[in-house]
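Read through the structure below, which is laid out as structure tokens, and then see the notes.
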Amino acid sequence: MKKKINLVESNLLNVNDMSEKFLLILVFLGFSNAIEWKFPADFKFGVATSAYQIEGGWNADGKGTSIWDTLGHNRSILVKDRSNGDIACNSYNKWEEDVQMVKNLGVDTYRFSLAWTRILPEGYATRVNQPGVDYYNKLINKLIENGIEPVVTLYHWDLPQVFSALGGWTNPVIVLHFANYARKAFELFGDRVKTWITINEPRLICEEYKGLVGDVTENFPLGISEYLCAQNVLKAHAEAYHIYDREFRKTQNGKISITVDMTWSEPATNNSEDIKAAEQNLQFDFGIYTNPIFNFDYPKIVIDRVARRSKMENFTQSRLPQFTTAEKLKIRGTYDFLGINHYVTMYSKAANEPPITKPSVKTDAGGERFRDEKWKGCAANWIKLVPWGLRNLLKWIKINYRNPEIIITENGYADDGTEVLEDDGRIEYYQGYLNATLQAIIEDEVNVKGYMAWSLMDNYEWTHGYELRFGLYHVNFTDPNRTRTPKKSVKFFKNLTNTKTIPN
Ligand code: BGC
């Protein structure tokens, strides 16, 4: 593989005698022959959002209530600025302007999610809310009219409230209801939507927001509920995949998969114990979701460790529910690509077995995790600039999952509103991560086919409310008009999509 020729780093620019100048000319001639540091022609750039974070119109035109509507209304104490997404960016009304913003970026794709309760207000597929369907039809049609491919997430966390009382994702009945909803969505929009993502970030659903699953934040049985949730998420995903496969693929000809948030765990040293700890952390963080789909069953280390710790805790059986062989076979291979959201890299170090206290995924995972204090950060304290972490992650996926097609469905940087429009930090972040993506494609031959920035515009950042801003476009949330203004990074992105090279 030919390497990138970096003239700036080489000493050749300091030449002052004739023979060296001659050499320089030769290098320039050879340069045209070398691999260009450019994204492949079929590589797709995009931007991403999700329904609850941008739409507003929480009860407009017959929309039903979701768990995030309820949280925002009743339990705002969990949200840093006590805000909610009732209006958010008001995309329910400003969608045409949003499409123009996407178009202005010159991207190929726009990833957004459907609000389940806008389409099926009761959560069940018993009644379709036509105005909700009209809203998404208008949006999808306008995107296509403007040459932008819609990439649609079915579930980005806004569970119909009705399922909360049943235990949300911990109750297996959710599998059937999600499958019915997915079928409806394929029926309604699949003639135009060719890339589907069933579920966004199962770990966040099952582990981070576990309290919301059953609407009982404090009392949720940890170390149990997460695994029940994981199992149902995987079954629901597989069910939707098979419905698409059986009933729609032939006529609609699209592709479908899941998006998983993938934290990279780097061994703290070359010591074999630390290497083992890092691998263990990877498998507990995301392998629990990806291994059943891209390989078979839960990762062995997860099965073994949860069984061992459950025994130590006097459980009569493992807290990790087993799949039947039929279920394992049904989940295996339910992907046409792998969607990854990447934000975090951490070091992993071997540690003593955590003491037996309350069961939790964290203690099941073991190991000690930390960040390098020297890594540059941003307003979101969990996000640091560690582009090599993404590159290592991509290589890991290639090796462990037989080089699947990968779409990076989210990657992004938060400001706190003080950087306002001169978001140089964001540009530096994107330069780093796009370069790592290119290294993975060109030098490691990883099959990455797309990259989507999170996010098109500032929006409702879940429990951080409006305090963290991930947008390429600034949104003024105190202005009733929710005025959008391009940040400096918009220019950077236009340049990127125009040239397929990373602007300096
Ligand atoms: C989620 C987004 C969120 C982003 C930034 C991802 O976990 O999918 O909804 O806004 O991270 O925190």
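For ligands, and for the atoms within them, numbers begin at 1 and follow the listed sequence. Here, residue 1 is the first one in the sequence, and each next residue gets the next number.
Ranking the protein heavy atoms by distance from atom 7 (O) of ligand 1 puts Glu201 OE1, 2.6 Å first. With hydrogens left out, the protein atom closest to atom 1 (C) of ligand 1 is Glu410 OE1, 3.3 Å, a heavy atom. Shortest contact from atom 4 (C) of ligand 1 to any protein heavy atom: Tyr343 OH, 3.4 Å. Considering only non-hydrogen protein atoms, atom 5 (C) of ligand 1 sits nearest to Glu461 OE2, 3.3 Å.
Remark: of the listed residues Asn341, Asp261, Thr153, Asn341 is the sole one forming a side-chain hydrogen bond (donor to acceptor under 3.5 Å, both in side chains) with Asn200. In summary, of the residues considered (Tyr298, Trp264, Trp396), a ring-ring contact (aromatic ring centres under 6.0 Å, His included) with Phe286 occurs for Trp396 alone. With Tyr430 as the partner, the ring-ring contact (aromatic ring centres under 6.0 Å, His included) test is satisfied by one option alone out of Tyr413, Trp454, Phe493: Phe493.
Between the side chains of Tyr244 and Asp336, not a single donor N or O lies within less than 3.5 Å of an accepting N or O. Residues Asp98 and Ser91 have side chains that bring a donor and an acceptor to within less than 3.5 angstrom of each other.
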Verdict with reasoning, Glu226 to Asp364, per side-chain contact (heavy atoms from CB on, under 4.5 Å) | CA-CA 12 Å; Glu226 294 98 326; Asp364 288 342; over 6 Å; no
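Geometric assessment of Arg118 against the ring of Tyr92 yields a positive cation-pi assignment under the 6.0 Å and 45° thresholds.
Residue contacts with ligand 1 for Asn341 involve side-chain atoms from C-beta outward but no N, CA, C or O (heavy atoms, distance under 4.0 Å). Only the side chain of Asn200 comes within 4.0 Å of ligand 1, counting heavy atoms alone; its backbone N, CA, C and O stay farther away. Contacts between Trp382 and ligand 1, counted as non-hydrogen atom pairs separated by less than 4.0 Å, involve the side chain only.
Shown in contact with Gln53 at under 4.0 Å from a heavy atom are these atoms of ligand 1, numbered in order with element: 2 (C), 3 (C), 9 (O), 10 (O). Those atoms of ligand 1 that come under 4.0 Å of a heavy atom in His156, given as number and element, are 1 (C), 2 (C), 8 (O), 9 (O).
The distance criterion of under 3.5 Å between nitrogen or oxygen atoms is not met by Asn459 with respect to ligand 1.
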